[in-house]
Amino acid sequence: MEVYLDNSATTKPCREAVLAVCHALEENYGNPSSLHGIGINAAKAVIRARQSLADKIDCEKEEIFFTSGGTEANNLAVFGAAYANRRKGGRIVTTAIEHESVMQSMDALEKEGFEVIRLMPDRFGCISISDLAAAINDKTILVSVMYINNEVGSILPVDKIKRLVTRANAPALIHTDCVQAFGKTEVKPKKLGADLVTVTAHKIHGPKGCGALYIKKGVRILPRTFGGEQEKKIRPGTEASPLIMGFGAAVDALPDLKEQSKKTEELNRYAKSRLLQTEGIRINSGEEASPYIINLYVPTFMRSQTILQKLSSDYGIYVSNGSACAKGKKSHVLSAMGLSNEITDKSIRVSFSRYNTKEDIDRLCDALNDIIKKHPRI
C-alpha cells in the first residue's frame, strides 16, 4: 500500500475531474473558438469552468484568464505588470522565498535594469510587515508576494500590502501566488487587496497543465505571447478545453473549507506529535504555518534526496525535499531562513491533502524511525 504525502508538488486527480477530462476528450472535443455546434458546446463548457472558478474566489468570470499552469500565470503576472508600468518607476518588491517561476522572472527583469528588492524571511519563513513597508516607495511598480510558501508553509502578510502601497503613494500592482493557498484556505482577491492572483488545477485534485491568472478589472498588463484572440489576447492560443473542464470540475468538487481545515489541522498536530517522539527530528515550519505542509529535519548521515528515495523504494512512502520545480536543487527557502547546511541538506517536506489519514502518518513516522536507527547521523 502506497502512502502519498507530496501533495504540495501535485495531488491525485479527483474522480470528478477525471470524468470531466474524459468527457471532453471523447464527447465535447470541439475547438471552443469554432463557430459550429460542436465548438459552441465546448465554449459553453469552458465558460462554465470559468464561472466556477470565479464564484470560488468571488470575482467576475471576465477577470479569469486560463493558462498552462501556475508557472505561466506567474510569468505573465510579473513580466506583464513590470512592462506595462515601467514608465512609472523601476522598483519591484518581492521575497527571497518565492516559487522558482517568480524568482527566475525577477532575475531576468533585474538584468533588464529593474531594481528588484528581495525581502529576507525570519527563521520560520515569515516576512515582516515593517520590512515590506520599508521596501515600498513611490517608485515601486510591482509587489509580488506569495500567500503560502510551498516549502515550509509560512503564511505571508499579503492582505497588508495594499495599505502599504497606498501609504507610500506607489503606482504598484499587487500580485500574489496563491497556488498553495487556493482550495485550502479562503482566497478572495478583493479581501487580499490583490490585482493579480495565480492559481492552478493540479494542486486541488485537478489535471496538470492548466492554471489561471486573476486580473482585476481595469488593471492593464502586457501579454507574453501573441497569435490569437483567445483569453482577450492576454494568453492567446487554442484553449486546453479538456483540462479547463477538469479544472472546473475540481473546483466544484472542493469540500467545505472550514471542515477540511479542521481535519487537516488535527492531522498536522498528530503528525508533529508523532514525529517529535523520534529523537533528533526538528520541525522547520513555524507554529502559524499552513497545516498542509510540514518541513522537517531528519537526523541521519544521508542527504534529503537519499532519504526520500529510501522512503519511496523501501517503504512505499512519497514525500519531497522541496519544490518539485527545483528538481532536487538545494532549497533556496531554507537557506534564506538562515538554517545551517546540516539542516538544509537533510530536510524533507511532508504535505497533506484531504485524502490523507492518521494511518499514513503512522507509516511515515515508523519508516523515519527505522531509517534513523539503521543510518544514524555520523
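Computation of the quantities below employed the complete heavy-atom set of this structure, encompassing side-chain atoms and omitting hydrogens, waters and symmetry-equivalent molecules. Everything quoted here is computed from the prediction, not taken from an experiment.
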Please determine whether a side-chain nitrogen of the Lys or Arg among Glu63 and Lys216 lies less than 4.0 Å from a carboxylate oxygen of the Asp or Glu. no
Keeping the roles fixed (side chain from Asn85, backbone from Lys88), state whether a donor-acceptor pair exists under 3.5 Å. no
I'd like to know if Arg274 pairs up with Asp366 as an ion pair, taking the criterion as any Lys NZ or Arg NE/NH1/NH2 lying under 4.0 Å from an Asp or Glu carboxylate oxygen. yes
Do Asp58 side-chain atoms and Lys190 backbone N/O form a donor-acceptor pair below 3.5 Å? no
Are Leu119 and Met146 co-members of a hydrophobic cluster defined by side-chain heavy atoms under 4.5 Å apart? yes
Is it true that the side chains of Thr306 and Gln309 contain a donor and an acceptor less than 3.5 Å apart? no
Qualifying residue for side chain to side chain contact (heavy atoms under 4.5 Å, CB included) with Thr278, from Asp370, Ile372, Val298: Ile372
Check whether the side chains of Asp131 and Ser128 place a donor and an acceptor atom closer than 3.5 Å, and report yes or no. yes
With a 4.0 Å cut-off, would you call Asp252 and Arg48 a salt bridge? no
Are Phe301 and Leu311 connected, step by step, through hydrophobic side chains (Ile, Leu, Val, Met, Phe, Trp, Tyr) whose heavy atoms are closer than 4.5 Å? yes
More than 12 heavy atoms of other groups within 6.0 Å of Lys139 NZ: no
Take atom CD in Glu2; do more than 12 heavy atoms of anything else shown fall under 6.0 Å from it? no
Under the ring pair (Phe, Tyr, Trp, His ring centres under 6.0 Å) test, residues paired with Tyr355 that sit two or more places apart: His205
Are any of the side-chain nitrogens in Glu115 or Arg91 under 4.0 Å away from the carboxylate oxygens of its partner? yes
Does a side-chain N-to-carboxylate-O contact under 4.0 Å join Lys233 and Glu229? yes
Could you tell me whether a side-chain N or O of Asn295 sits under 3.5 Å from a main-chain N or O of Glu151, the two making a donor and an acceptor? yes
Checking His175 against Asn74: is there a side-chain donor and acceptor pair closer than 3.5 Å? yes
With a 3.5 Å distance limit and no angle check, can you tell me whether Asp195 reaches the backbone of Leu173 through a side-chain donor-acceptor pair? no
Cation over ring face, Arg282 and Tyr297, 6.0 Å, 45°: no
Asn284 side chain to Ser347 side chain, donor-acceptor N/O pair below 3.5 angstrom: yes
Does the pair Glu359/Arg363 count as a salt bridge with the N-to-O cut at 4.0 Å? no
How would you list, by chain and number, every residue that makes a salt bridge (charged side-chain N to carboxylate O under 4.0 Å, His left out) with Arg235, sequence neighbours excluded? Glu72
Determine whether a donor-acceptor pair (N or O, by modelled atom type, separation under 3.5 Å) exists between the side chain of Glu16 and the backbone of Ala253. no
I'd like to know whether CZ of Arg303 has more than 12 heavy-atom contacts from other residues, nucleotides or ligands below 6.0 angstrom. no
Would you say Ser105 and Asn75 are linked by a side-chain donor-acceptor pair, where the criterion is simply a distance under 3.5 Å? yes
Hey, mind stepping through Ile40 and His36 against side chain to side chain contact (heavy atoms under 4.5 Å, CB included) and telling me if it holds? CA-CA 6 Å; Ile40 291 170; His36 49 58; over 6 Å; no
Strictly below 4.0 Å, N to O, side chains only: are Arg50 and Glu231 in salt-bridge contact? yes
Could you grab the distance from atom CZ of Phe352 to atom CG of Leu5, nearest 0.5 Å is fine? 6.5 Å
Same cluster or not: Val199 versus Leu156, using hydrophobic residues (I, L, V, M, F, W, Y) connected whenever any side-chain heavy atoms lie under 4.5 Å apart? yes
His202 and Thr10: side-chain donor and acceptor closer than 3.5 Å? yes
Determine whether Asn28 and Lys44 satisfy the following criterion, side-chain hydrogen bond (donor to acceptor under 3.5 Å, both in side chains), listing intermediate values before the conclusion. CA-CA 10 Å; Asn28 197 5; Lys44 288 179 179 178; over 6 Å; no
Stepwise side-chain hydrogen bond (donor to acceptor under 3.5 Å, both in side chains) check, Asn356 with Asn7: CA-CA 10 Å; Asn356 287 122; Asn7 293 282; 3.1 Å; yes
Cation-pi check, Lys358 onto Tyr270 ring (under 6.0 Å, within 45° of axis): yes
Using a cut-off of 6.0 Å, state whether more than 12 heavy atoms not belonging to Asp256 lie near its atom CG. yes
Using the test side chain to side chain contact (heavy atoms under 4.5 Å, CB included), find all partners of Leu222 that sit at least two apart in sequence or belong to another chain. Tyr83, Ala84, Arg220
Between Gln180 and Tyr292, do the side chains contain an N or O donor and an N or O acceptor separated by less than 3.5 Å? no
